[in-house]
Amino acid sequence: MSTKIVREFSRFASQYGQYSMIQEQVAAKLVRDTDVIPRRIIDLGCGNGAIYRQIHWPFERFLGIDLAEGMVACHPKGSGVECVHGDFNDLEWLLRLESMGFEHIYSASALQWAEDLDALFETLSLFNIPLSLGIFTCNTFKTLYATADLPPLLRSADTIMRSAQRLVGARFELVEYTLAFESKQELFGYIKRSGVSGGRNVLSYSQTKRLIQEYPHLYLEFEVLFIYTR
Ligand SMILES: C[S@@+](CC[C@H](N)C(=O)[O-])C[C@H]1O[C@@H](n2cnc3c(N)ncnc32)[C@H](O)[C@@H]1O
């Protein structure tokens with residue numbers, strides 16, 4: 001199993017309020033790397049439309065699926081574009097989409113929240129259509145977790161790749177993103193506002209204060225495993 005490893009560097013610019021800039025890059029890469037242009041598209045965990053905004057070709061149907069009602073409400077809708085409330089952990093429900101003639105499934109920065117990745121990949125393989133998935137790994141915020149003495153929240157790239165053996169011909173790319181900040185204040189403000197911590201708030205006030213003092217970098221680390229099938 002060969003995995004291409006890529007490193008990317010960005011600088012956070014607070015004046016633009018770019019709290020989802022890494023997620024935007026993930027969505028852009030997934031769409032950019034598409035080989036065969038699909039006309040009927042599913043986006044799992046579509047959020048407010050990062051994948052949709054990257055698609056600049058004419059399509060017939062775009063179906064965004066998200067668990068959060070607030071996201072469904074603000075995803076663009078219109079001719080051929082729908083966004084529905086749905087749970088990618090509900091595999092029976094997901095499989096009902098299999099007979100609807102979709103040609104490609106995207107998922108950007110969402111499947112790290114899958115409860116059972118083996119079962120989800122098993123289900124996605126039954127669609128028998130190309131997949132483009134970007135999944136955050138446990139190396140996201142790795143120094144932050146180590147400094148706070150907390151176990152990482154997410155799966156490792158190896159664990160995800162083992163689950164992905166269920167996807168025939170899966171190709172992997174591991175991208176390490178570094179996001180640099182001007183100050184610790186800006187860095188910790190980003191963590192709070194970006195929602196990347198999965199809502200986990202396990203540190204007390206004094207532990208957080210110590211973490212801010214002891215965190216050794218002016219950057220945050222993210223790691224995303226990209227999985228592509230044809
Ligand atoms: C980090 S956001 C990414 C959103 C968008 N794909 C993007 O690239 O900006 C993760 C999204 O996954 C959604 N999500 C999490 N668990 C889900 C589930 N079980 N089923 C459907 N959507 C889910 C969240 O509501 C959220 O909108």
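Remember, it's 1-based here, ligands and their atoms both numbered in the order they're listed. Predicted model, so just to flag it, every value in this text is computed and none were measured.
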Legend entry - Ion pair check, E176 and R7, cut-off under 4.0 Å: yes
Those residues that, when tested against [X], pass side-chain contact (heavy atoms from CB on, under 4.5 Å) (two or more places apart):
| X | value |
| --- | --- |
| V6 | K4, E8, E173, V175 |
| A108 | V26, A27, L30, I51 |
| E221 | K142, T143, Y215, H217, Y219 |

Legend entry - Centroid-centroid under 6.0 Å between Y190 and F12 rings: yes
Inset, instruction - Could you label the plane-to-plane angle of the F62 and H75 rings as parallel, tilted or perpendicular, counting under 30° as parallel and over 60° as perpendicular? - result: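 Judged by the thresholds at 30° and 60°, the geometry between F62 and H75 is parallel.
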Measure from every N or O atom of ligand 1 to the protein's N or O atoms and keep only the pairs below 3.5 Å, writing each with atom names and distance to 0.1 Å.
from, atom 1, to, atom 2, distance (Å)
ligand 1, 6 (N), G45, O, 2.7
ligand 1, 6 (N), A108, O, 2.8
ligand 1, 8 (O), A108, O, 3.4
ligand 1, 19 (N), D87, OD1, 2.8
ligand 1, 19 (N), N89, ND2, 3.3
ligand 1, 20 (N), F88, N, 3.0
ligand 1, 22 (N), L67, N, 3.2
ligand 1, 25 (O), D66, OD1, 2.6
ligand 1, 27 (O), D66, OD1, 3.3
ligand 1, 27 (O), D66, OD2, 2.7

